[in-house]
Each structure stands twice: as structure tokens, then as C-alpha cells.
Amino acid sequence: MIENIEIGKQLDEVGDLLEIQEANPFRVRAYRNAVRTIADLATRLERMVADEEDLTALPGIGKELARHITELVTTGEMGVLAELRENVPSTLVEIMRLPGVGPKSARKLWKELGVETVEELKSAAEEGRVSELKGFGEKKQALILSGIEQFHRHSARYRLDEADRFVAPLLEYLSAHAEAEKVEVAGSYRRRRETVGDIDILVLSSAPEPVMERFVSYPSVEKVLAAGGTRGSVVLRSGLQVDLRVVPAESYGAALVYFTGSKEHNIRLRQRALDRGLTVSEYGVFELLETPEQEAMPADAEAESEDADRRRAGRQVAGRTEEEVYGAVGLPYIIPELREARGEIATAEAGELPDLVELDDLRGDLQMHSTWSDGKNSIEEMLDGCVERGYEYFAITDHSKALAMIEGLDEEGLQRQFGEIKEVSDRHSEIRILRSMEVDILADGTLDLADEMLEALDLVVISIHSMFSLPAARQTERVLKALQHPAVDVLAHPTARLINKREPVDFDLEQVIACAAENRVALELNANPHRLDLKDTQLMLAKSLGAKVVISTDAHRVADLALMPYGVEQARRAWLEKGDVLNALPREGFLDYFGIA
DNA sequence: GCCGTTTTCGGCCCGACTGTTTTCAGTCG
């Protein structure tokens, strides 16, 4: 049993070790590309190998990579990695992760100082041996030492909601500067990735120096990593790195495209530009001028990087706005959430970009808790919150009795709750309260509520809250059994993961999705930023297998109803349209779909 | 090592900042 993530990790290490060996950089890139493809893949490679599917059909995976993957899956070992590890200590990979240390430095430290581990590097630096190396110096040595300290302190990426908390005051601070005409966050934050590694901020200004000065003087700044004329980089006391770029108006759109990424999306844009005699940089789109005489290039790997030197940028043709930049390479505007090199460029070219679901499309929220279990507000208070958001219906989904520690409801408790729902409903005709429950899937796949009560519910939402670490076969069986219960309508937070805290359960997601589709069970996209479950690539798989999705906040208090945008953003990253999302249906259509009276 | 209506060879994205240099390599995004 091997996860995609482990396969990716091993291939990434191959890339690292090749880099330290000074292998052909394009060969290294090939491994990086494969790692990315695997990271985006919702299907298990293990299963693809078992089914003898053609791995080379995957982007960036050719004969060799397919062979390595197949070998790893079938034998548990990857020959190419074992071989590399005999020649290069694999602990050098950690050294390479330190700031200011790349493959060349790692190699030099190893070859000339015999350093193989971070600890050995620490000793060498403390003894002043690092600064004596040619190409190294006092500052580099100090950077390495402080990097080792950080290395032990913070490694995880930040959840989007955590990043939001840091970003808002910083934006306010920068915007207050008179010379900052426009301030915008780019990077994976703007693409609304579920976690961000750092924050990229773009400022439009004709006076970069004072803006940079204000940036590095931000009170929460712990350390200034770099501060040049147009680029700066700091670490906040929270450990979050923030990069700032200051650009003039004629480059603002190009810079926004460039710093929003993703990297792979940008590479594809640039390739496309080259095909059209243009070159793209963060300064704009320019006509491409080739120098007249092209000398014969030696065929060996060392000469490859000189190719770029032959290109010369000419007249600027675009750059002021993002629309202009995309237009210059013959494309319509592509929204940030789609810029992940998952086919958006070809789709844009064909004029078939999806009409993505929007927050305003949602007509209801299908998971929330009240004081009847672990929620902080009454049913009527939750109702007020939903009415305020313009919803036409919502589901009250308190926990079932298996969650004893928060006093989940048993059959009798649920019956009493029905009484309160009726009372509240009688006072509020403007919105429909759905009688629902978040029913636990027990270890054997049966449900934590008697059949007659399941039948009495308008909407049956089921989920896993225990036995997270069952072996994959049993976990899959458990969920498949639950999905086949005729009363079930929604599978909530299907993988049960908590971002940065708990791994998803180990099961065959493809089988689970297929089973849900077959039994007309909707899959939840849990909008809580701790969960975002299913996640983007898994939702894409769900859509391709014909499953429907609902987006729910899982609110435990009225304020949590405001988490819905996090869900919608992930749905957009998954290319979901209004028609894929059941709670975008108006009240009558929604009730019809689930056969609710 | 991958890829392909300019295909099976010869390409493969682009620029800033730093530290160490004496004109640039390495790293980073």
C-alpha cells in the first residue's frame, strides 16, 4: 500500500539528488513536473498500476517515470533513488531547504567540508569554517545559522483563514501610504489555494523607495530578508514570510499575472507568447527580437542556458492590465482560481471557460449545528442568520448519539427537536427549515440512527467521526456500505481531514465517489477553512464521475455562516459550475431533487 | 527526462537581489 504523496516525495528526492550531482537541469525539471502531476492527481497511482492503465498518458510522465513509478508500486523500492543515495547522502536534501542554500552550495559544503547533515552544518558554521569557503562569506554563514534556527521553528503552510488574519492589517497599513496607488495580494493567496506558504503583495507606485521603506518598517516585521529597489522580503513575528513588489502602472497587469502564478501557468503563458513572437515578463508583453547571427551551439548540457541570451525584448505591446496581457497572447481573461495549469489555457483558447459557481448562486446551507448538540446558537438564531444571507432553505444537522462527549442526539432527542423546528417554522414562512441530522457512520458502516427516524428526516447527512485509521480496504467497505443505505442524501466532509492537523482517512476515494454517484448521494464540500473537504482535485474527480456536490459551512455559531466563501472558492478551483452544486438550486427544485415534501 | 500540424531531435520561462566578485554565480520566486 503506497500513497501518491509518498511516490511524489521519492521522485522529488530523485530530483534533489540529481541537482546536487549537477545533472542536466532539464532532466531535473522533468522529475519536478512529474511530482506536480502526481500532486494534482486524485486517482491512486497504485490502482492505476494494478489496472494496467497507461501512466505515460499523464502529463509530464513518459517511459522512464512510468517505469520508476511502476517499480516503486510493485516492489516497494525505486532503483534510481537507491542508486543515487549510494553516491549522494540523502540528508543533503534537508540542507538544500535552508535559505540561501541550493544544490551548488550543498554540494560544495559536502565535498569540501564533509558536511552531510544539518547538525554537521551547524557545527561547521559555528566554528567559522563555512565562511572560509570560496564563494561563501560571513554573511552567508550567518544566514545559514539563522536558517537552521528557523528550520526548527516553523515548517507548515498557513491555512487560508490564518493568512487572512495577517493580510488584512498589513494591507491597511500599506494602503495608507500616499505613494501606494494600488495594493493587492497576489500569489497562491489570490488563487485561493487551501494553504499558502508566503504572502506576495503587489503595489502600484511611481515612487518605490518610500513604499519599500514603509514595508520594512511594518511593526510586525521580525527580520528583513531583502530590500531592493522594487522587491523586498520580510519575515513577520508569526513566522510568515511576506514578499513585496512595487511596479509602475504600465507593468501592473503583467506583474499581477506574473506574481499570481501559478508558476506552471506562467510557464505555459510564456511558451505561448514565444510561439507568437512575443516574450512575457513581469514588466509586460514585448515583441521578441532575435539577434541576427546565431552561433553554432555545442550539443552538451552546459550550453543550454545561454539560449535565453539570444532573445531580446523589443517594443512593449501589453502590461497595464491582466486582460491586456492575456489578450496579447490571444486568450480571454482567466480568473486566478483557474490558473493552475490544469487545462485552463487550452479551454480558454477554445472559448469554453466554465461559468463558475458564485457565492450569490447559493440558496441554502446544508450543514449547521445548534444548541441541541455542540452548536452555540438556537435554531431560531441560526434561522435569522440564514435569512440575512438571503437563503431559501437550510438544514439543522445536529450530531447523533455516537458523539457522546458532546451529547449527540438519540432518537428521542431528535423527536423533541422536531417539535421545536415545527414551532420555529410556524413563525417563519420566509425560509424552509429542513429536518436533518449529521448521522455518524459507525465502524461497521451502519448508521447511528434507527431506520424509522432516518425516514422521518428531510435530509440525511452522514459522516465519519471515529475510527479514522482503519486499513484502506475496511475503511472503503465501511463508507460504501453507508452510502448504499436508501435514506442517505449527503456524505459530509468525506475524507475527514483537518488541514495541517489530521490526515485524510485512507480509503479508495474513486470507489466512494462512484458509489455516491450511483446512489444519488451528494458529496459535501465542507467550507470550513480547517477542512475544505473534499478538496479541489477531488471535486474535479467527483464531477468527472458524475457526482453532485453541496457546499456547506458546518457552522457551529451564527458567525460561522460567513465561512461560505471559502467553500465557493475551492469549488471554483475545481471548475464547478452552478449546475454541479445542488444547494444552488432554488427551493422547489432542491426539494424535488431529494423528494422532500 | 519529456514532448511534438514547424515531431523522433533539439528544444525546454524570466528577472531581481545578495554576497561575493572585479564581471558574476547562486538562489529565489
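Computed from a prediction, not measured in an experiment: that's the story for all the values here. Labels below follow one simple rule: chain letters A, B, ... track the order of the sequence lines, proteins then strands, and each chain is numbered from 1.
Residue pairs meeting the side-chain hydrogen bond (donor to acceptor under 3.5 Å, both in side chains) criterion with at least one member in residues 260-273 of chain A, sequence neighbours excluded, are A/Arg190-A/Thr260, A/His265-A/Tyr326, A/His265-A/Glu344, A/Arg272-A/Glu349. Within the structure, every pair that satisfies the side-chain hydrogen bond (donor to acceptor under 3.5 Å, both in side chains) test and touches residues 69-85 of chain A, not counting sequence neighbours, is listed here: A/Glu13-A/Arg85. Within the structure, side-chain hydrogen bond (donor to acceptor under 3.5 Å, both in side chains) pairs that include any residue of residues 56-66 of chain A comprise A/Asp54-A/Thr56, A/Glu64-A/Arg67 (at least two apart or interchain). Sorted by first and then second residue, the salt bridge (Lys or Arg N to Asp or Glu O under 4.0 Å) pairs with a member in residues 198-220 of chain A read A/Asp200-A/Arg245; sequence neighbours excluded.
Among the heavy atoms of the strands lying under 4.0 Å from A/Ile61 are primed sugar atoms or P, OP1, OP2 only; no base atom is included. Heavy atoms of A/Thr230 sit under 4.0 angstrom from primed sugar atoms or phosphate atoms, though from no base atom. In this structure, A/Ala227 reaches the sugar-phosphate backbone alone: every heavy-atom distance under 4.0 Å involves primed, P, OP1 or OP2 atoms, never a base. As judged by a 4.0 angstrom heavy-atom cut-off over every strand, A/Asn33 is placed among residues making no nucleic acid contact. Nucleic acid contact for A/Leu11: none, since no nucleic acid atom lies under 4.0 Å from a heavy atom of the residue. Here A/Gly229 lies in heavy-atom contact (under 4.0 Å) with sugar-phosphate atoms only.
Residues passing the side chain to side chain donor-acceptor pair (under 3.5 Å) test with A/Arg159, sequence neighbours excluded: A/Asp161, A/His530. Listed by chain and residue number, A/Glu127 satisfy the salt bridge (Lys or Arg N to Asp or Glu O under 4.0 Å) test with A/Arg129 (two or more places apart in sequence, or in another chain). With sequence neighbours left out, A/Tyr189 forms a side chain to side chain donor-acceptor pair (under 3.5 Å) with A/Asp164. The salt bridge (Lys or Arg N to Asp or Glu O under 4.0 Å) test applied to A/Glu250 returns no partner, not counting sequence neighbours. Among residues two or more places apart in sequence or in another chain, the salt bridge (Lys or Arg N to Asp or Glu O under 4.0 Å) test is passed with A/Arg193 by none.
Near DNA chain B, defined here as any heavy-atom distance below 4.0 Å, the residues from residues 62-77 of chain A are A/Gly62, A/Lys63, A/Glu64, A/Leu65, listed numerically.
With P as the reference atom, B/dT5 and B/dG1 are 23 Å apart, rounded to whole Å. To the nearest whole angstrom, the two P atoms, one in B/dG26 and one in B/dT21, are 13 Å apart.
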| message | Counting primed atoms plus P, OP1 and OP2 as sugar-phosphate and everything else as base, spell out the protein contacts along nucleotides 21-28 of chain B at 4.0 Å heavy-atom distance: B, S or - for each nucleotide, 5' to 3'. | response | -----SSS
| note | Letter by letter from the 5' end, nucleotides 4-10 of chain B scores (B base, S sugar-phosphate only, - none; protein heavy atoms under 4.0 Å) -------
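Side-chain atoms of A/Pro336 and A/Arg192, non-hydrogen and from C-beta on, never get closer than 4.5 Å to each other. Side chains of A/Val80 and A/Tyr31 form a contact here, defined as non-hydrogen atoms less than 4.5 Å apart.
Of the candidates B/dC17, B/dC2, B/dA16, the closest approach to any side-chain atom of A/Ala226 belongs to B/dC17. Checked against B/dC17, B/dC13, B/dT20, the side chain of A/Arg29 finds its nearest nucleotide in B/dC13. Distance from the side chain of A/Phe26 is smallest to B/dC12 among B/dG29, B/dC12, B/dA16.
Side-chain to base pairing of A/Asp200 with B/dG29: no donor and acceptor N or O lie closer than 3.5 Å to each other. In terms of polar N and O atoms assigned as donor or acceptor, the side chain of A/Tyr258 comes within less than 3.5 Å of the base of B/dG29 in a complementary pairing.
Side chain of A/Arg320 to backbone of A/Ser251: no donor-acceptor contact under 3.5 angstrom is found.
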